[in-house]
Amino acid sequence: MKALIKDKPVRGGTFTDLSIPRIGDSDLLVKVHAAAICGTDIHIYQWNEYASSRIKLPLLFGHEYAGEVVDVGKNVTTLKRGDRVAAETHVPCGHCYQCTTGLQHICRDMKILGVHMDGAFAEYAVLPAVCAWKLDPSISYEVGSTMEPFGIGVHALSKTKPVGKKVIVFGCGPIGIYAQMVAKLSGAEVVIGVDVSQERCALARQTGTDFVLNAREVNVLEEVNRLTGGQGADIVVELTGNRGVLNDATKTLRRGGEVVLVGLFSGPVEWDLVNNVIYKEANVYGVTGRIMWDTWWTAQSILLSGKIDVSPVITHTFELTDFDRALQLAESATAGKIVFKL
Ligand SMILES: [Zn+2]
Ligand SMILES: [Zn+2]
C-alpha cells in the first residue's frame, strides 16, 4: 500500500510502499478515505524536539482520519466490514484509575495513533476497535476525518457556560474556529477570534465569528475593552500554544472569568498568576483530547443538527503524493484544515 512514513531523523517524510498491516484480535483494518493534517504531524515532518523526544523511527504518521472497515479482529463484535468509522486518536489502556473512572482520554498509559503506534497517512490503517467511532451515514469521510479536532473545540467550550457570555478565542486555526463556532452555537453574546494570519482571520469571519482581531494590526486589549464595554471577556480560550500570547490573552479576561487552556506550549511558560488569575479569581481549565465518548456524541449531534457546518474549515485537499506541499502549507499556519484524500 502507498504510505507516507517518517524514517529518517531529519526534516521531511518518505512516500513509499508498505505491505498491508496485520491486525490484532481487537483491531480493525480500515481503508483510509480521508486523513487530516494535525499540528503533531507538522512536528513530525519538521523533526523538532517534540517529535525527536517521543518518536521511534520508522513511523507511519497521521492520526485524524476516517474510512471503511475492511477487516475485523476475532474479538471485535461491535463493528463489521463495510462500517464507516472515524478514529479517536487517544488509545486508552482500559484498566488504569482514569480508564475505570470515565476519564479514558487522560489514561495514564495512553498511546497516541501516529505517534506511539502506526497511524493513517496510508491506504490502510490499523485501528484498535476501542477507538472507532461509527460515522453517521450523512457525514462525509472528509468531515469525519475532522471530527477529532472538532471534538477538541467542543470539549474546550464544554468546560464553561457560554450562554449570554463574551467569549474570546486566541487562535483561528481549525480548532480555534471550531471553538468559536461552538461558542456561538452555545448562545454566547459575542464571540471574538484573534490570530496573526490574514487568511485565518478571513476564514474566522467567513465562518461566523462576530469580531476577528488581527493581533498584528490592532491592540487586542484595547479592542476587547471597546467590544465588551470595558468589562473584558467572560471566557478566554487559549489555542495558540504561543508562550508570548498567554499573558496578553488573560489580560483580556474580566475578574471572575474563566480561562480554558488548550494550546500546547513548547516548554514552561512565565505567567503573571497574581494579576491574571489570583486577583481575578479566575477559574482555569486544562483541556486535552475528547471525552470518550461524551464529546463524540455531542460533536455528532451538532453536525447532524446542521447548526454548524464544519466543511468550510477544510480549505485544502491534497493527494498523499503531494505531501511536501500539504505539510508546508500546514506549517505556514495560514490555512484551515488540510485533508489528504485517499
Ligand atoms: Zn491531532
Ligand atoms: Zn488507562
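Just so you know, ligand 1 is whichever comes first in the structure, and atom 1 is the first atom listed for that ligand.
Contact annotation: C107 places an N, O or S atom under 2.8 Å from the Zn ion (ligand 2). Residue contact annotation: E64 places an N/O/S atom under 2.8 Å from the Zn ion (ligand 1).
In the model, Y45 has a side-chain atom that pairs as donor or acceptor with a side-chain atom of Q328 under 3.5 Å. Side-chain polar atoms of S332 and T334 form a donor-acceptor pair below 3.5 angstrom.
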Evaluation steps, salt bridge (charged side-chain N to carboxylate O under 4.0 Å, His left out), between E88 and R290: CA-CA 8 Å; E88 165 54 61; R290 300 137 301 278; 2.7 Å; yes

Worked check of side chain to side chain donor-acceptor pair (under 3.5 Å) between E258 and T160: CA-CA 7 Å; E258 297 176 299; T160 67; 4.7 Å; no

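If you put the vertex on the Zn ion (ligand 2), SG of C93 and SG of C96 sit 110° apart, to the nearest 10°.
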